[in-house]
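Data block below; observations after.
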Amino acid sequence: MTGKQIGEKYGRSYFVPQEMTCDWVKKEYVDKAPLWCSVDLRDGNQALVEPMNLEEKLEFFRMLVLIGFKEIEVGFPAASDTEYNFIRALIERDMIPQDVTIQVLTQAREHIIRKTFEAVKGAPHVIVHLYNSTSKIQREQVFKKDREEIKKLAVDGARLLSELAAQDGGDIRFEYSPESFSQTEVEYASEVCNAVLDVWQPTVGHKAIINLPSTVQVAMPHIFAGQIEYMHKHMKYRDAVVLSVHPHNDRGTGICDAEFGVLAGADRVEGTLFGNGERTGNVDVVTLAMNLVCHGVNPELDFSDLPAIREKYERLTGMQVQERTPYAGALVFTAFSGSHQDAISKGMAWREEHPGEWAVPYLPLDPKDVGREYESDVIRINSQSGKGGIAFILKQNFGISLPDKMKDEVRILVKAASDKGHKELAAEEIYQIFTDTYISPRPVFDIPECHFKQTGGITAEVTISCGGEGQVITASGNGRLDAVSNALKGHFGLEYRLTEYEERAVSSGSSSKAAAFVGIVCGSETYWGVGIDEDIIKSSVAALVVAANKAAAKKNGE
């Protein structure tokens, strides 16, 4: 088919409210967390290639409780023995905290409703979630019923819930979902929901939940928000109703639908960790919650150890969290680009001097707030990286603060190694390159011993070792390093200028060490050396030894 033919094949399957208003667009942001309901153990679990077994579901339930969910949809108890037995296990093993309400799903069919009430007998707090599909295409193609008949299904189901809850005597609340809401004529969806509410007669002290799912995401987010706002404004008993949204992600805008839905009047969001669910999945509660954090709003959920949550989720579900998944993906805080790395490095340095509200270029969230580490997550090095990123890695992981004039040379070395190996370089590999180039090289000579005397200036007795043989050279200078330098120049016939010298504290590890950076110019070349020692004199001499070795090797043609 041609693009034109494909385009003509599809029409609009959503309905815009006749009285559509957009008051929600005047709101700048969501200023408090919605009520959350995890549907991982029902909606998410049913979408797995291999649904979780009993013990896996129990472990997942415990994780959801630790994260802070107060409402957890635990299954469709009439669907299978596994679902039924899981709910009974939660109740009989006394695993449901007093501040957590379990939610169970049931179709608007009598035998299924009765089985559902059997499953939750003895639970401390329960939401029985009733649903039936209301969309035009479902009415015509699947159920072959008209509007009144579909509404009657919902109302009859609602009555049976009321009767059975009265007989049970426990703390049971009701939820109703017009399944395929986003494909239902909005005025009709409002009519059905209000008819259900007339049966339940909710009060402020015993609220009902009306849940509006985009069972199939068919419209742009602003249309969905318009539908939610219409329902919000036309709903009976509004003060006694918790208005909930349950966005799916067929168009890839589940997050947007949820956020717009809350702006448009929704009080509650149903979703899953990392967006697991049928087809393209449900809305990702992790992303929604952390988006609130980035606006300074407490999400009322704890994702401070997101790597551990991700690991458990992947192990229990067999699903994988994609590397670029917001907040949770392995690479979401990682910068490879040189310009990004430089900005992050400078931003982190600025933050050390200006603590307070988080504001670092390219990092909307402090990685530590979700259990990530600057050392391994923020800046990673490949052939696209720049001097700022490489300097950040050395500083963050090994406490080595490079002088500005040295950064370009280190960048060229590291990028060349990455390019040659066609790979990302680990921090240890970068440090090894640094060590091999600036700390270890002594191809021509070494100075195993050095003694100084105060003689107007400084006199140095320098033991120079070449090929295993040592020779003591005496020379003077206006300081210790200058005296050692003069000894080397005289002994090897070297002509160079000591142009760069910097001392920096090494900030990693428990011992107090100092790094000395020495740069010498010999002819048209600059040679750098680095020494690290607890004694700054020893580190300075070691740095000069490396730099002078490079000059001597070049002179000797090595």
Inter-residue atom distance Leu48.CG - Glu278.CD, 0.5 Å rounding: 9.5 Å

Within a 6.0 Å radius of atom NZ on Lys407, are there more than 12 heavy atoms belonging to other residues, nucleotides or ligands? yes

For Gln322, is there any backbone N or O sitting under 3.5 Å from a side-chain donor or acceptor partner on Gln320? no

Is there a side-chain contact between Met95 and Leu58 (heavy atoms, below 4.5 Å)? yes

side-chain contact (heavy atoms from CB on, under 4.5 Å) assessment of Ile458 paired with Asn478: CA-CA 6 Å; Ile458 296 291; Asn478 54 22; over 6 Å; no

Main-chain N/O of Pro247 paired with Asp257 side-chain donor or acceptor, under 3.5 Å: no

Examine distances only and state if a side-chain atom of Thr317 and a backbone atom of Met319 form a donor-acceptor pair shorter than 3.5 Å. yes

Is any side-chain heavy atom of Ile393 closer than 4.5 Å to one of Tyr431? no

Please check if atom NZ in Lys27 has more than 12 non-hydrogen atoms from other residues, nucleotides or ligands closer than 6.0 Å. yes

Side chains of Asp40 and Tyr313: is there a donor and an acceptor less than 3.5 Å apart? no

Is a donor from one side chain sitting under 3.5 angstrom from an acceptor on the other, for Ser485 and Tyr496? yes

Determine, step by step, whether Cys294 and Tyr327 satisfy the side-chain contact (heavy atoms from CB on, under 4.5 Å) criterion, reporting the C-alpha distance in whole Å, the side-chain angles of both residues, the deciding distance to 0.1 Å, and the verdict. CA-CA 11 Å; Cys294 288; Tyr327 305 109; 3.6 Å; yes

Is the closest side-chain donor-acceptor distance between Ser440 and Thr435 under 3.5 Å? no

Salt-bridge test for Asp342 and Lys346: reply yes if a basic N is under 4.0 Å from a carboxylate O, no otherwise. yes

Any salt bridge between Glu323 and Arg310, counting N to O under 4.0 Å? no

From CA spacing to verdict: side chain to side chain donor-acceptor pair (under 3.5 Å), Gln217, Thr253: CA-CA 8 Å; Gln217 195 176 55; Thr253 56; 3.2 Å; yes

Working to the nearest 0.5 angstrom, can you tell me the gap between Ile464 CD1 and His491 NE2? 5.0 Å

Between Lys70 and Asp99, is there a salt bridge with N-O shorter than 4.0 Å? yes

Tell me if the CD atom of Glu495 is crowded by more than 12 foreign heavy atoms within 6.0 Å. no

Do the side chain of Lys550 and the main chain of Thr437 share a donor and acceptor less than 3.5 angstrom apart? yes

Mind checking whether Ile520 and Trp528 have side chains closer than 4.5 Å, heavy atoms only? no

Exam field: side chain Asn53 to backbone Glu56, donor-acceptor pair closer than 3.5 Å: yes

Answer whether the closest heavy-atom distance between the side chains of Gln103 and Ile72 falls below 4.5 Å. no

Kindly indicate whether the side chain of Val518, heavy atoms from C-beta on, has any atom under 4.5 Å from the side chain of Leu481. yes

Distance, nearest 0.5 Å, that separates CD1 of Ile381 from OG1 of Thr334: 10.5 Å

Got a sec: does the CE of Met220 have more than 12 other heavy atoms crowding it under 6.0 Å? no

Is it the case that over 12 heavy atoms from other parts of the model lie below 6.0 angstrom from the CZ atom of Arg279? yes

Is it true that Glu59 and Arg315 make a salt bridge, defined as a side-chain N closer than 4.0 Å to a carboxylate O? yes

Is a donor on one side and an acceptor on the other found under 3.5 Å between the side chain of Asn486 and the backbone of Asp482? yes

Just checking, Lys555 and Phe492: is the charged tip under 6.0 Å from the six-membered ring centre and within 45° of the axis? no

Non-hydrogen side-chain atoms of Gln98 and His125 separated by less than 4.5 Å: yes

So does Ile447 get a backbone contact from the side chain of Arg442, meaning a donor-acceptor N/O pair under 3.5 Å? no

Any Val541 side-chain heavy atom under 4.5 Å of Val462 side chain: no

d(Cys37 SG, Phe69 CZ) to nearest 0.5 Å is 8.5 Å

Would you be so kind as to tabulate the donor-acceptor pairs closer than 3.5 Å made by side chains of residues 280-290, with sequence neighbours excluded?
from	atom 1	to	atom 2	distance (Å)
Thr280	OG1	Asn249	O	2.8
Thr280	OG1	Asp250	N	3.0
Asn282	OD1	His246	NE2	3.0
Asn282	OD1	His248	NE2	3.1
Asn282	ND2	Asn276	O	2.9
Asp284	OD1	Phe274	N	2.9
Asp284	OD1	Val286	N	2.9
Asp284	OD1	Thr287	N	3.4
Asp284	OD2	Thr287	OG1	2.8

Tell me, which pairs form a salt bridge (charged side-chain N to carboxylate O under 4.0 Å, His left out) where one or both residues lie in residues 425-435, sequence neighbours left out? Lys423-Glu429

Between Gln341 (side chain) and Phe336 (backbone), is there a donor-acceptor pair under 3.5 Å? yes

Between Lys405 and Glu502, does at least one N-O distance fall below 4.0 Å, as a salt bridge requires? no

So Trp24 and Phe260, would you call those rings parallel, tilted or perpendicular, with 30° and 60° as cut-offs? tilted

Working to the nearest 0.5 Å, report the span between CE of Met406 and CZ of Phe517. 6.0 Å

Would Arg480 pass as a cation-pi partner of Phe452, given that its NZ or CZ must be under 6.0 Å from the six-membered ring centre and within 45 degrees of the axis? yes

Distance in Å, Leu402 CG paired with Tyr438 OH, rounded so as to fall on 0.5 Å steps: 8.5 Å

Thinking salt bridges, do Glu71 and Arg268 make one under a 4.0 Å N-O criterion? yes

Answer yes when Lys513 and Glu534 have at least one side-chain N-carboxylate O distance shorter than 4.0 Å, and no when they do not. no

Give a yes or no answer on whether the side chain of Arg504 reaches the backbone of Ser401 with a donor-acceptor pair at less than 3.5 Å. yes

So, the side chain of Asp419 versus the backbone of Lys415: is there a donor-acceptor pair under 3.5 Å, distance only? no

